[in-house]
Amino acid sequence: MKVKICGIRREKDVLYLHEAMPDYAGFIFADTERRVTEHQAALLRRQLDPRIQVFGVFVNAPVEAAAALAGRGIIDVIQLHGDETEGYIRTLRSMTKAPVVKAVRVKNPEDILQADQLPVDHLLLDTYHRGQYGGTGETFSWELIPEELEHSYLLAGGLNVENVCQALSVAETKGHCIGVDVSGGVETNGVKDKVKIKKLIETVRSYRTQ
């Protein structure tokens, strides 16, 4: 199982990642408390171990903005976390070769099945909260995930070291889960916590042996 640590925004966060070596890191370009500017992201990317792939998280951003960051090598993967349509995604894909991930804020299985029809590389399944595009810190019912998905997906939404194995045990029965995406679950007082990051990654990577 892959691990993505999202919401990286400080040089210290990069150092923590180097100690724990997740598979992916996430820079958030949407308007949240974890947002980074293009300049900040470029500086952090230069310091980040190249073995860690970087997701850029966007919410209803101009397609040109996401494509440009991928073109400059600041991000490797484009994660769409807003209300982006199929037309938006097709336009974006005509502008970049970067993989595209579409986040689904899950209310019911139909939400996921509808997103499964989109021309993206992977899905990311997150918790629905009215008026909020992500970062709720709450889980959703993993039983809502359909078994017949065409796309592989990352599991997100309120995951932490206490519940991640339970989440993975359910996701495995559904197939196609390739990993987890965690942000607030590895923070203390709103900032990344080195011990929590390391413990979560160790827990996920040892999951198969439990």
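Start at 1 with the first residue, then count along the sequence.
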Carefully, step by step, assess Leu155 and Phe140 under the rule side-chain contact (heavy atoms from CB on, under 4.5 Å). CA-CA 10 Å; Leu155 189 60; Phe140 66 94; 3.7 Å; yes
Let me see the working for Leu92 and Leu80 under side-chain contact (heavy atoms from CB on, under 4.5 Å), right down to the final yes or no. CA-CA 11 Å; Leu92 175 62; Leu80 304 175; 4.1 Å; yes
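- Within the 4.5 Å cutoff, the side chain of Thr32 has no heavy atoms near those of the Val59 side chain.
- Side-chain N or O atoms of Glu84 include one that pairs as donor or acceptor with a backbone N or O of Asn60 at under 3.5 Å.
- In this structure the side chain of Ile178 never reaches within 4.5 angstrom of the side chain of Met1, judged on heavy atoms.
- Between Pro99 and His122 there is no side-chain heavy-atom pair separated by less than 4.5 Å.
- With hydrogens and angles ignored, the 3.5 Å screen pairs no side-chain donor or acceptor of Lys2 with any backbone N or O of Pro22.
- Judged by distance alone, with hydrogens and angles left aside, the side-chain atoms of Tyr88 form a donor-acceptor pair with the main-chain N or O of Ala61 at under 3.5 Å.
- Considering CZ of Arg35 and CZ of Phe29, their distance stands at 9.0 Å, rounded to 0.5 Å.
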Run Tyr153 and Ile145 through side-chain contact (heavy atoms from CB on, under 4.5 Å) and show every step you take. CA-CA 10 Å; Tyr153 64 88; Ile145 303 170; 3.8 Å; yes
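- The NZ atom of Lys196 sits 8.5 Å away from the CD atom of Glu187 when rounded to the nearest 0.5 Å.
- Applying the salt bridge (charged side-chain N to carboxylate O under 4.0 Å, His left out) test between Lys4 and each of Asp181, Asp76, Asp23 identifies Asp181 as the sole match.
- Judged by distance alone, the side chain of Asp126 and the main-chain N or O of Arg105 form no donor-acceptor pair under 3.5 Å.
- Atom CG of Leu118 and atom CD of Glu150 lie 13.0 Å apart (nearest 0.5 Å).
- For Lys192 against Gly7, the heavy-atom pair with the smallest separation is NZ-O, 3.5 Å.
- Both Leu123 and Phe58 are part of a single hydrophobic cluster, where members link through side-chain heavy atoms under 4.5 Å apart.
- The number of heavy-atom neighbours closer than 6.0 Å to CD of Glu110, taken from other residues, nucleotides and ligands shown, is above 12.
- Ala98 and Arg93 get closest at one heavy-atom pair: O-NH2, 4.5 Å.
- Ser183 places a side-chain N or O within 3.5 Å of a backbone atom of Cys6 that can act as its donor or acceptor partner.
- Follow the hydrophobic side-chain contacts under 4.5 Å out from Val57 and you never reach Val63; the two are in separate clusters.
- Rounding to the nearest 0.5 Å places CD of Glu162 at 9.5 Å from NZ of Lys199.
- Side-chain atoms of Asp121 never come within 3.5 Å of backbone atoms of Val101 as a donor-acceptor pair (strictly under, hydrogens ignored).
- The shortest heavy-atom contact between Ile8 and Phe27 is O-CD2, 3.6 Å.
- Closest approach of Ile52 to Ala25, counting heavy atoms only: CG2-N, 3.6 Å.
- When every heavy atom of Ile74 is checked against every heavy atom of Val54, the shortest pair comes out as O-CG1, 3.8 Å.
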I'd like to know whether Lys107 forms a side-chain contact (heavy atoms from CB on, under 4.5 Å) with Leu144, so could you lay out the CA-CA distance, the side-chain angles of the two residues, the decisive distance to 0.1 Å, and finally the verdict. CA-CA 8 Å; Lys107 290 181 286 185; Leu144 294 174; over 6 Å; no
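- Within a 6.0 Å sphere centred on CD of Gln114, other residues, nucleotides and ligands contribute 12 heavy atoms or fewer.
- Other residues, nucleotides and ligands contribute over 12 non-hydrogen atoms within 6.0 Å of the CG atom of Asp49.
- Lys174 places a side-chain N or O within donor-acceptor distance of the main-chain N or O of Glu143, the cut-off being under 3.5 Å.
- Note on Leu200 and Leu154: separate hydrophobic clusters, where clusters join Ile, Leu, Val, Met, Phe, Trp and Tyr whose side-chain heavy atoms are under 4.5 Å apart, directly or indirectly.
- Between Leu15 and Arg10, every side-chain heavy-atom pair lies at or beyond the 4.5 Å cut-off.
- Between Ala20 and Arg205, the shortest heavy-atom contact is O-NH1, 3.7 Å.
- Taking CD1 of Ile112 as the reference point, atom CG of Leu125 lies at 5.0 Å (rounded to 0.5 Å).
- Taking OG of Ser206 as the start and CD1 of Ile201 as the end, the distance is 11.5 Å to the nearest 0.5 Å.
- For the pair Cys177 and Glu172, the minimum side-chain heavy-atom distance is 4.5 Å or more.
- In this structure, the side chain of His151 engages the main chain of Asp116 through a donor-acceptor pair within 3.5 Å.
- In this structure, Val106 is not a member of the same hydrophobic cluster as Leu124, with clusters built from ILVMFWY side-chain heavy atoms closer than 4.5 Å.
- Put simply, the side chain of Asn160 gets close to the backbone of Asn163: a donor and an acceptor are under 3.5 Å apart.
- Inter-residue side-chain proximity for Gln47 and Glu11 is flagged as met; some heavy-atom pair is nearer than 4.5 Å.
- The main-chain N or O of Val161 is never found under 3.5 Å from a side-chain atom of Thr203 such that the two would form a donor-acceptor pair.
- A continuous path of Ile, Leu, Val, Met, Phe, Trp and Tyr side chains, each step under 4.5 Å between heavy atoms, connects Leu69 with Leu48, placing both in one hydrophobic cluster.
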